[in-house]
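Residue numbering restarts at 1 for every chain, and letters A, B, ... go by the order of the sequence lines. The structure displayed is predicted, hence computed values, not measured ones.
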Amino acid sequence: MLDINLIRENQEFVIKALQDRQMDPAPVTRMVELDQLRRTTLAEVEKLKAERNTASKEIGRTKDAAERTAKIEAMRVVGDQITALDQQVKEVETELNSLALNVPNIPDGRVPYGTGEDENVVIRHEGVVAEPKFDTIPHWDLGTALGIIDFERGAKLTGSRFYVLNDGAARLQRALISFMLDTHIRNGYHERYTPYMVKSDALYGAGQLPKFRDNLYRDAEEDLWFIPTAEVPLTGLYMNEIIEEEELPLRLTSYTACFRREKMSAGRDVRGIKRGHQFDKVELYCCLPEKSDEEHQRIMHSAEEVCRKLELPYRIIQQCTGDLGFSAQLCYDIEVWAPGCKEWLEVSSISNDGDFQARRGAIRYREKESGKPRFLHTLNGSGLGLPRTLIAVMKLTNNRTGRSSFRKR
RNA sequence: GGAGAGGUGCCGGAGUGGUUGAUCGGGGCGGUCUCGAAAACCGUUGUAGCUUUCGGGCUACCGUGGGUUCGAAUCCCACCUUCUCCGCCA
């Protein structure tokens, strides 16, 4: 959520930001109109309320019955006006709010302009992508051949894009989760185990709703939604709270399953375990008062450390304006090389959201000096996504030993 | 799932229709006293919005959302949530 004052005072700037993101800026103009209407109507109705409050107190003191009745009659008219104006304010606010919830964060000045994913910028390479000494096999073939990934039974149980990990693959994933969490904990992050289902509030706060509704699974009868990422419960953790400045920064890490409904056509991009509807992820999260650049790097380091220790060659991508995530103002992706399917796989996306989520979820801290509550900055990044790490590690293991270390069954 | 009782400010806890944004106690902060501290005493202590001649002024908020009323923390309805007992269960 953007500050309405920012939109009012820097309308052109906000419009430019939306255009850079390849989005329609029309709602911004409408928001400015509504904001103006809201304030004039509010001034009007509040004046009437002040009048009524004074009169009501007088009525309380009035002993004379006739006089009392006269005053009540007079106030009844004012009461009706208030009801009508309150209704108007509410309608305006409802429209304003629904527009505001769909306006993305403003890209940081350093985000390169680009119309979409293809214009993201590779800013750094780490590790060497070795030429394979023999033909490589994509993980869906390797996993099936080794008997450690069972796509057929996954589909039988749940449907397409669900799978079962057997023996070594299941065990390897579990070990990777522990390894990732332990790495982050050593780097100062505190582990949290959260619910995998949340109320819609948490999804609005994190910026998943209302825009990405179609990508979410939910309980049909209750207001309960499966999390698409641990970022959602971690952001929700401190919603509607005021944190003391001494307690910041809050550095959190969490392992969760993630559920994404996203309908994609079957084909190469969804082949294997790369893009399942359910996947595991270890998440990194931080909230702190402003000055979030340094913290962004800190999250990067912890995520990169996992790649380095696993000896996975990787590269850092900077998202351009056209690809930048909805809530993010600055975002880097980490992609590891998967020799099996010969492609770079995004295993992490590390965003600085500024105060965007904090405004949506009313996450604040009390500034020590002034004693005033302020919005804080939130950052999040994967550290890392499990299935894709598994893909890269599986191949690596096979490469190094020349044979599988997994027992076929 | 059934039965019952609650949700009030940083905390505890009053308050069942009219100067109650909220008695009181504790805590915090400022001060007096003191060599210093404790004690005692005095003062102060929420969030948000609108507006301002920047001194302020006004409005809203007592779990959330509706309703009744000239007027609601107080009455009515729905929901969320906590606790106790019973049932069920890893």
Side-chain angles (χ1 to χ4, degrees), chain A residues 1-9 31-101 193-205 209-210 218-225 233 236-248 257 289 355 357-376:
Chain A
M1 189 100 83
L2 299 181
D3 184 357
I4 188 69
N5 296 305
L6 174 82
I7 298 177
R8 185 192 308 140
E9 284 154 30
M31 282 174 73
V32 173
E33 280 170 27
L34 289 166
D35 170 59
Q36 182 57 48
L37 183 57
R38 171 179 177 271
R39 286 182 300 138
T40 48
T41 316
L42 208 54
E44 212 177 321
V45 71
E46 285 186 357
K47 203 177 135 199
L48 289 174
K49 282 182 181 175
E51 200 180 305
R52 181 176 69 180
N53 286 344
T54 313
S56 288
K57 281 173 189 166
E58 275 173 30
I59 292 170
R61 284 192 298 262
T62 305
K63 295 281 178 283
D64 183 84
E67 195 184 334
R68 198 183 163 95
T69 311
K71 282 179 176 169
I72 289 175
E73 276 308 314
M75 275 310 107
R76 190 165 288 153
V77 178
V78 176
D80 290 345
Q81 288 174 325
I82 289 173
T83 307
L85 286 172
D86 267 345
Q87 183 60 29
Q88 274 182 43
V89 171
K90 202 175 142 192
E91 278 166 21
V92 170
E93 283 181 346
T94 303
E95 189 185 344
L96 186 58
N97 201 251
S98 71
L99 289 175
L101 286 171
Y193 172 80
T194 73
Y196 292 179
M197 299 183 86
V198 294
K199 294 191 247 191
S200 56
D201 291 356
L203 288 153
Y204 278 102
L209 281 175
R218 66 175 179 280
D219 183 288
E221 281 157 32
E222 296 179 76
D223 180 33
L224 279 184
W225 305 65
L237 232 37
Y238 294 97
M239 260 177 24
N240 301 313
E241 288 191 32
I242 301 174
I243 306 166
E244 293 306 322
E245 190 170 352
E246 296 86 68
E247 294 171 44
L248 301 171
D355 64 7
Q357 289 179 326
R359 283 180 185 283
R360 292 183 152 238
I363 310 169
R364 292 173 294 172
Y365 71 99
R366 191 171 301 283
E367 194 181 58
K368 190 138 203 277
E369 206 184 316
S370 65
K372 293 285 169 211
R374 310 243 186 257
F375 291 113
L376 34 74

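Side-chain N or O atoms of R364(A) include none that pairs as donor or acceptor with a backbone N or O of I242(A) at under 3.5 Å.
Taking the C1' atom of each, G21(B) and G9(B) are spaced 9 Å apart, rounded to whole Å. Remark: the separation of the P atoms in C70(B) and U64(B) is 25 Å, to the nearest Å. When the C1' atom is used for both U68(B) and A72(B), the distance is 10 Å, rounded to whole Å. When the P atom is used for both G56(B) and U45(B), the distance is 13 Å, rounded to whole Å. Comparing the C1' positions of G4(B) and C89(B) gives a spacing of 23 Å, expressed to the nearest Å. Taking atom P in both A3(B) and U19(B), one finds a spacing of 38 Å when rounded to whole Å. On the C1' atoms, A22(B) is 12 Å away from U74(B), given to the nearest whole Å. To the nearest whole angstrom, the two C1' atoms, one in U16(B) and one in C62(B), are 14 Å apart.
Rounded to an integer number of Å, the gap from N5(A) CG to A48(B) P is 13 Å. At whole-Å resolution of the value, CE in M239(A) and P in U47(B) are 20 Å apart. In this structure, D35(A) atom CG and C50(B) atom C1' are separated by 11 Å, rounded to whole Å. K63(A) places its NZ atom 12 Å from the P atom of G18(B), with the value rounded to the nearest Å. When the P atom of G28(B) is taken as reference, atom CD of E246(A) falls 15 Å away, rounded to whole Å. Atom CG in L96(A) sits roughly 13 Å away from atom C1' in G49(B) (whole-Å rounding). Rounding to whole angstrom units, CZ of residue R366(A) and P of G46(B) are separated by 9 Å. Following rounding to the nearest Å, K372(A) (NZ) and A48(B) (P) show an atom-to-atom distance of 8 Å.
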Could you write out each protein N or O paired with an N or O of nucleotides 88-90 of chain B at a distance under 3.5 Å?
none

Could you pull out the protein-nucleic contacts involving nucleotides 52-55 of chain B (nitrogen or oxygen on both sides, under 3.5 Å)?
none

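How far CZ of R366(A) is from CD of E241(A): 12.5 Å, rounded to the nearest 0.5 Å. One finds the CG atom of L101(A) at 9.5 Å from the CG atom of L209(A) (value rounded to the nearest 0.5 Å).
Neither OP1 nor OP2 of U19(B) sits under 4.0 Å from any side-chain N or O of R61(A). Here R364(A) reaches the OP1 or OP2 of A48(B): one of its side-chain N or O atoms lies under 4.0 Å away.
The side-chain contact (heavy atoms from CB on, under 4.5 Å) test applied to A100(A) returns M1(A), M31(A), not counting sequence neighbours. Considering only residues two or more places apart in sequence or on other chains, R38(A) meets the salt bridge (Lys or Arg N to Asp or Glu O under 4.0 Å) condition with E93(A).
In a base pair of the Watson-Crick type (N1 to N3 plus N6-O4 or O6-N4) or a G-U wobble (N1-O2 and O6-N3), with each distance short of 3.5 Å, C75(B) is matched with G67(B). Nucleotide G7(B) has C80(B) as its partner under the Watson-Crick or G-U criteria, with both atom distances under 3.5 Å.
Screening residues 76-88 of chain A for side-chain hydrogen bond (donor to acceptor under 3.5 Å, both in side chains) gives K49(A)-D86(A), E73(A)-R76(A), Q87(A)-E91(A) as the qualifying pairs, with residues at least two apart or on separate chains.
E58(A) is not listed as a side-chain neighbour of M75(A), based on a closest heavy-atom distance of 4.5 Å or more.
Within 90° of 0 lies the glycosidic angle of G55(B), which makes this nucleotide syn.
Closest-nucleotide positions on RNA chain B for R374(A) and K199(A) were compared, and the one nearer the 5' end corresponds to R374(A).
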Query raised in the report: When every nucleotide of nucleotides 59-79 of chain B is labelled 5' to 3' by its protein contacts under 4.0 Å (heavy atoms), B for base, S for sugar-phosphate only, - for none, what sequence of letters results?
Result: BS-----S---BS--------
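With respect to E51(A) and K47(A), no salt bridge is recorded, no charged nitrogen being found less than 4.0 Å from a carboxylate O.
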